[in-house]
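Each ligand, and each atom within it, is numbered from 1 in the order the structure gives.
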Amino acid sequence: MTGIITLAHGSGGKTTNDLIKNIFLKHFRNDIILKSDDAATFNLSGKLAFTTDSFVITPVFFKGGNIGKLAVCGTVNDLAALGAKPLYLSCGFIIEEGLPFDELEAIVEAMGKTAKECGVKIVTGDTKVVQKNAADKIFINTSGIGIIEDGLNISGSGAKAGDRIIITGTVGDHGCSILLEREKLEISADIMSDCAPLNLMLEKISDKFKEIHVMRDPTRGGVAATLNEIAAQSGVGIKLYEDRIPVKDQVRGVCELLGMDPLYMANEGKMLMFVPEISAESIVNELRQNKEGVDACIIGEVINEPKGRVIINTITGGNRIVDMPVADQLPRIC
Ligand code: MG
């Protein structure tokens, strides 16, 4: 498709309807959205999980994905983090006037494809167009609903002393790839975002969900921020072992060069899990059977003291505190 988005595409008239038909319905095609009513309808019963997230990443296209794929993965992963089976998504688009159609279509196509891959339906949406410079290309909000098996209670407040901490793969890939794209650095590193939906991998270990105390995806602020949140929420201490944390050589190299710490870099296809020691090895082995989990490993454990703190045992043998990041080291990372 050629041409650009104009204010008329957000007017609610014929131009809007054409856009909906030719781009959104084309790629989101499913029985519910095709009814084109004011609201999507479906039957659900049981305990539900409901979440929302807005995506403002720049650049909108990056190695390993784009803002559309990210918007679906982000919401799907937040539902999956509670042990929920993600079912339905909504999407709201705020588009800057002038965005080329082919860019919008590539983004929407990625959303449709990712939703299909992870078995969710995009069932309702909204489009607004704002004047040039009132937004930056495109912002997307996705909300999602998932269903949780009865009796399951995975929560950030569930960590217990003795729990082992699992990461499902290498740390810092997304943040590092965006940093490289954005800064146009003359570093010949071929680092890709890890942006991926994790629900299918997690579904395969769903018979173990009752053993999992905490699951959370270490996105903005990275593993450091997420573990600090969990330590505070659960009122426990966390001990990490630096030599066990998987970091790709290229990511480590770029971080060293720029004085960044991979522990603080965002991930978009990783999950942290807190599980009793007795279950940890078998969960890691099952995760490793999946392409999103080949590098899964145990990186630390929960301790009684100091409460609310994350400590790292460094490669050189000392201990240091891993603080909550104070400011965003890389704004608009997701
Ligand atoms: Mg999350």
- [ ] Keeping the roles fixed (side chain from Glu203, backbone from Lys85), state whether a donor-acceptor pair exists under 3.5 Å.
- [x] no
Open item on the list: Less than 4.0 angstrom from a charged side-chain N to a carboxylate O is my criterion; do Arg309 and Asp323 meet it?
Closed with: yes
Task: Arg164 side-chain N/O to Gly162 backbone N/O, donor-acceptor pair under 3.5 Å - done: yes
Open item on the list: Within the 3.5 Å criterion, strictly below it, is a donor on Thr52 or Asn141 matched to an acceptor on the partner's side chain?
Closed with: yes
Task: Test item: side-chain donor near acceptor, Glu105 and His27, under 3.5 Å - done: yes
Task: Sidechain-backbone polar pair: Glu268 side chain, Cys73 backbone, donor-acceptor under 3.5 Å - done: no
Task: Listed protein N/O/S atoms, distance to the Mg ion (ligand 1) under 2.8 Å - done: Asp78 OD1, Asp217 OD1
